[in-house]
Enquirer: 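Attaching a single structure in structure tokens format; questions to follow.
Worth saying up front: this structure is predicted, and the values here are computed from it rather than measured. No hydrogens, no waters, no symmetry mates; every other heavy atom, side chains included, goes into these values. Proteins come first, then strands; the chains are lettered A, B, ... in the order of their sequence lines, and each starts at number 1.
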2 protein chains.
Amino acid sequence: MGKRNYHHGSLENDLIQKGLQLLTNVGLEEFSLRKVAEMCGVSNAAPYRHFSSKEALITAITTQVSNEFTSALDTVVQHHKGDFKKQIIEVSKLYVSFMVEHPQHFKFIFMMDHKMPITIKDGTFTEPERYIVSMFKTLFEGFRKEQNTELGSWSMDALSVWSLVHGFTVMLVNNTIAYEGSPSDAVETMVSRLL
Amino acid sequence: MGKRNYHHGSLENDLIQKGLQLLTNVGLEEFSLRKVAEMCGVSNAAPYRHFSSKEALITAITTQVSNEFTSALDTVVQHHKGDFKKQIIEVSKLYVSFMVEHPQHFKFIFMMDHKMPITIKDGTFTEPERYIVSMFKTLFEGFRKEQNTELGSWSMDALSVWSLVHGFTVMLVNNTIAYEGSPSDAVETMVSRLL
DNA sequence: CAAATAATGTTGACACTGTAAACATAAAAG
DNA sequence: CTTTTATGTTTACAGTGTCAACATTATTTG
């Protein structure tokens, strides 16, 4: 029953699953298509029937993680619907704590170039990684309602908050700084002051 | 005269120089020791007489860039000695504009794990990349003089500014966002409001 | 239902990588 | 001048992404 007979059945899914597993365990540097193939019990060239390149698989994995994380973010957003400040703070806390807990996720997500960057300033954006868009949406809409100003003004505030949260996270994950204490608390303090 | 006779003369320097060149041109992904060796007109194993691994060479290159950039930062710091706010703003502007102009530098610098992270909260730090320490120093000392408070309080402010500047830079360099306008101006606006 | 076709896996190869051991040459030290 | 040390070269190995030729199974079609 464990034996596979030539056809795997659901290789595409399994590649993503096992790929994420490998990425989480060994990181981006040590990640290799051949290892993933072996984990799936399949030959080295098999993945190419489902993904055109190593990068394509990583992109698929990224999307997977992205979706899961985005729904977690959305849950928080919905839960603090009335209170904009609280909403931002909780989203920020979730963001940093999630990434600190899953540093490998964060790395392989942000180490890849995004072909379609968000365009700020007019408030519209195409789709890069979903949680970024998700967080930006929350920020932009929140600031618009809160401050009731026109375009170009609130975008700077949203950008400030997002830069701060993201920047702090980057440094923690990359070991640029070692913060002694709860990153979640730190971000709460910083964002609170900023708002 | 262009001909080399067995010994290169100054391979170590040349490896760093040509390595930086390659890194700047093709980025971290395509960077390879063998290519650098060829650029130096030397065999593939030669670099190992000077660097124990590929990573060791990259570290050396990083240090090189780091030093140059740090002195540029220091110049700005000295130039605006009296005015703390101005000091921070100009350092921030230089930081973001330099990194946007040299995205590859930024990437290979920050994509590597730092073995010795800065320890904040008590204000002391070991040495990771020098420009980080340099900027942090400016921030910490500035806030201390400005606010005249004890430890633990101003560190949060310094961290906020640094997170914001760094985070904005990361997003620009990684193409997470596409800011329409001068990044330098944007950072000036954001840091000004934060201070 | 049988035959043709498409989807999926395998094998083997190629060029490239980091790295190490064995060897060669030139420079420095004695 | 001889010996030692520093530096380069050759060759090799294991691992990588990727591709072409081939094998097998699933799916569609006549």
Enquirer: Figure out the CG/P separation between A:Leu11 and C:dT10, and round it to whole Å.
Expert: 8 Å
Enquirer: How close or far is atom P of C:dA15 from atom CD of B:Glu30, stated in whole angstroms?
Expert: 18 Å
Enquirer: Does A:His50 put a side-chain nitrogen or oxygen below 4.0 Å from OP1 or OP2 of C:dA7?
Expert: no
Enquirer: Could you state the atom-to-atom distance from NZ of A:Lys35 to P of D:dT18 in whole Å?
Expert: 15 Å
Enquirer: Among D:dG17, C:dT19, D:dT10, which nucleotide has an atom closest to any side-chain atom of A:Leu33?
Expert: D:dG17
Enquirer: Is the number of heavy atoms from other residues, nucleotides or ligands under 6.0 Å of B:Glu68 CD greater than 12?
Expert: yes
Enquirer: Hey, which of these two, A:Arg34 or B:Ser32, hits DNA chain C nearer its 5' end, going by closest nucleotide?
Expert: A:Arg34
Enquirer: Look at the rings of A:His166 and A:Phe106 and say which category their plane angle falls in: under 30° parallel, 30 to 60° tilted, over 60° perpendicular.
Expert: tilted
Enquirer: Taking atom types as modelled, find out whether B:Gln21 and B:Lys18 have a side-chain donor-acceptor pair closer than 3.5 angstrom.
Expert: no
Enquirer: Between atom CZ in A:Phe31 and atom C1' in D:dG15, what is the gap in whole Å?
Expert: 15 Å
Enquirer: Quickly work out the A:Lys54 NZ to D:dT18 P distance and round it to whole Å.
Expert: 8 Å
Enquirer: Return the nearest nucleotide to the side chain of A:Val42; candidates are C:dG9, C:dC23, D:dT10.
Expert: C:dG9
Enquirer: A:Glu38 CD to C:dT11 P: how many Å, rounded?
Expert: 13 Å
Enquirer: Which of the following nucleotides, C:dT17, C:dG9, D:dG17, is nearest to the side chain of A:Tyr48?
Expert: D:dG17
Enquirer: Rounded to the nearest Å, what distance is computed from the CG atom of residue B:Asn44 to the P atom of nucleotide D:dT9?
Expert: 9 Å
Enquirer: What nucleotide among D:dG8, D:dT16, C:dG18 has an atom nearest to a side-chain atom of B:Ala46?
Expert: D:dG8
Enquirer: C:dA20 P sits how many Å from B:Phe51 CZ, rounded?
Expert: 16 Å
Enquirer: Would you mind telling me which of D:dT9, C:dG9, D:dT11 lies closest to the side-chain atoms of A:Ser43?
Expert: C:dG9
Enquirer: Does the gap between the ring centers of A:His102 and A:Phe98 come in under 6.0 Å?
Expert: yes
Enquirer: For B:Pro47, run the side-chain contact (heavy atoms from CB on, under 4.5 Å) check against B:Leu57, B:Leu33, B:Val36 and tell me which one passes.
Expert: B:Leu33
